[in-house]
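Structure, as structure tokens:
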There are 2 protein chains.
Amino acid sequence: MSADQVITVRGDAELAARAGHLFTGARHDFVCAARDLDTWSQPEARLRIAGGMRAPDAPGFTVRKLLSPAALADEGARRHLREVTAKGAHVRISSAPLPHETIIIDRRVMILAAGDDGPGPREFTVTTVPALIGGVYALFQAAWETATDFTAYFDGAMPHLDADGLAVLRELGAGHTDEAAARRLGLSLRTYRRRVAALMAALDAGSRFQAGLRAAELGL
Amino acid sequence: MSADQVITVRGDAELAARAGHLFTGARHDFVCAARDLDTWSQPEARLRIAGGMRAPDAPGFTVRKLLSPAALADEGARRHLREVTAKGAHVRISSAPLPHETIIIDRRVMILAAGDDGPGPREFTVTTVPALIGGVYALFQAAWETATDFTAYFDGAMPHLDADGLAVLRELGAGHTDEAAARRLGLSLRTYRRRVAALMAALDAGSRFQAGLRAAELGL
DNA sequence: CCCGGACTGGCAGCTTGCTGCCACCGCGTT
DNA sequence: AACGCGGTGGCAGCAAGCTGCCAGTCCGGG
């Protein structure tokens with residue numbers, strides 16, 4: 001048994017001072033799981049760090065960001081995500097809330113931050129213990145595998161799903177026949193089918209089977 | 001900044017001696033992510049620990065296990081999983097490999113173990129640092145949310161999917177019409193539809209939409 | 001008021017999906 | 001050979017899904 005190295009720093013400034021070189025020194029991969037992008041309260045610190053990082057599309061270097069749907073709330077965040085994906089970063093959306101932020105650099109350094117609860121400066125926990133990082137990396141992989149890609153999630157069809165679109169989706173998922181579903185929704189058969197057709201167009205699915213597939217992919 | 005508490009122990013015996021009370025002291029929840037169940041090389045240590053744990057169905061106590069499909073490889077493991085689910089534990093299957101094992105008890109203690117690489121005794125890393133545990137717990141949640149339930153995964157339909165069942169599934173997913181798909185597979189229309197019907201029965205889906213849904217849930 | 005647009009419902013007709021029935025084929029058993 | 005069995009294909013008929021067309025309704029604007 002032995003004690004090992006875990007340090008905690010308070011506030012962005014101290015993190016940038018103590019761990020900024022870790023960001024700029026990323027060589028192989030950079031993974032990040034967070035609720036949204038408002039993770040650096042001080043934009044200047046964020047810029048200082050980001051400025052020194054390798055480009056996401058550099059050869060042999062991958063950047064992955066796993067975010068919760070909250071990250072898509074405002075247009076600014078969406079634009080930023082489109083920019084980083086254009087630069088080669090991979091962004092996926094997980095349905096889980098992800099209250100804590102996790103960053104792993106080259107599978108050798110891990111930085112964890114609690115959500116912004118409390119008034120004081122945020123606390124960051126930095127560690128290099130391989131066993132910790134390995135375990136967290138495995139969980140990240142598991143969450144990553146099953147998360148949906150940002151572009152699919154966003155450009156796909158998600159945005160334009162109103163309330164009765166979802167109702168139709170539920171009826172379809174319940175396996176009701178069109179006639180039964182139309183009755184349950186108080187619609188005529190004709191209109192219900194119009195809705196279904198619109199839905200399938202939105203999911204650009206050629207068949208109902210495909211529509212079910214896509215719907216499941218995008219989180220029912 | 002401050003240094004904090006992370007200790008590593010070697011071998012099951014030392015873990016049981018030093019951390020056994022953590023297992024038996026679990027009061028609120030017990031979560032575990034691992035590749036399979038062969039995680040305790042010494043069955044007696046496992047039994048000693050398990051014997052003292054609270055029953056999974058005790059009020060206010062939840063047990064969750066997240067495993068990779070490898071855990072379903074042999075019949076013994078499947079039987080064991082059926083037993084623990086019957087006792088109230090929740091078991092889900094993630095498509096990710098999960099090379100490392102992670103255990104979190106009451107969101108206060110975390111135990112990480114590397115995969116069984118190397119000849120020596122396994123190393124376990126035990127920590128109580130809240131920030132670390134919070135971050136890992138969030139990732140676990142994310143992976144858990146999107147994993148499929150063990151009973152659905154197993155009792156459902158997964159086992160009985162032969163090669164041409166998958167071929168049919170692919171055709172359906174590609175959105176081809178039955179006629180086109182049958183031609184592509186060199187089958188008659190009648191037989192193709194028989195296959196589809198069998199598939200839908202296996203997925204017990206009443207409609208093709210539902211079948212697509214289930215297929216996506218169970219991993220296309 | 002009338003007009004245009006968006007949404008809805010009914011009708012009709014077509015395509016597609018689904019299934020029961022029968023016939024055929026290959027195979028191993030009797 | 002005869003038989004049963006499982007898988008396959010064709011046919012027919014029904015049910016379900018899909019869409020074009022027209023008519024009615026409900027606005028908001030000219």
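Note that this is a predicted model, so its numbers are computed, not measured. The basis for the numbers below is simple: all heavy atoms, side chains too, and nothing from hydrogens, waters or symmetry mates. Reminder, nothing fancy here: chain letters follow the sequence lines and each chain counts from 1.
For residues 180-190 of chain A, every residue pair satisfying the salt bridge (charged side-chain N to carboxylate O under 4.0 Å, His left out) rule, not counting sequence neighbours, is listed here: E171(A)-R184(A).
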Per-pair distances, 0.1 Å, donor-acceptor, side chain in residues 64-72 of chain B, under 3.5 Å, sequence neighbours excluded:
residue	atom	partner	partner atom	Å
R64(B)	NH1	Q141(B)	OE1	3.4
R64(B)	NH2	Y137(B)	OH	2.9
S68(B)	OG	R35(B)	O	2.9
S68(B)	OG	A70(B)	N	3.3

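The salt bridge (Lys or Arg N to Asp or Glu O under 4.0 Å) search around R193(B) returns D178(B), not counting sequence neighbours. Take Y192(B) and apply the ring-ring contact (aromatic ring centres under 6.0 Å, His included) test, not counting sequence neighbours, and it matches no residue. Under the rule for a side-chain contact (heavy atoms from CB on, under 4.5 Å), the partners of A142(B) that lie at least two apart in sequence or sit in another chain are S94(A), A96(A), L98(A), A143(A).
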Next on the checklist: Counting primed atoms plus P, OP1 and OP2 as sugar-phosphate and everything else as base, spell out the protein contacts along nucleotides 8-20 of chain D at 4.0 Å heavy-atom distance: B, S or - for each nucleotide, 5' to 3'.
Outcome noted: BBBB-----BBBB

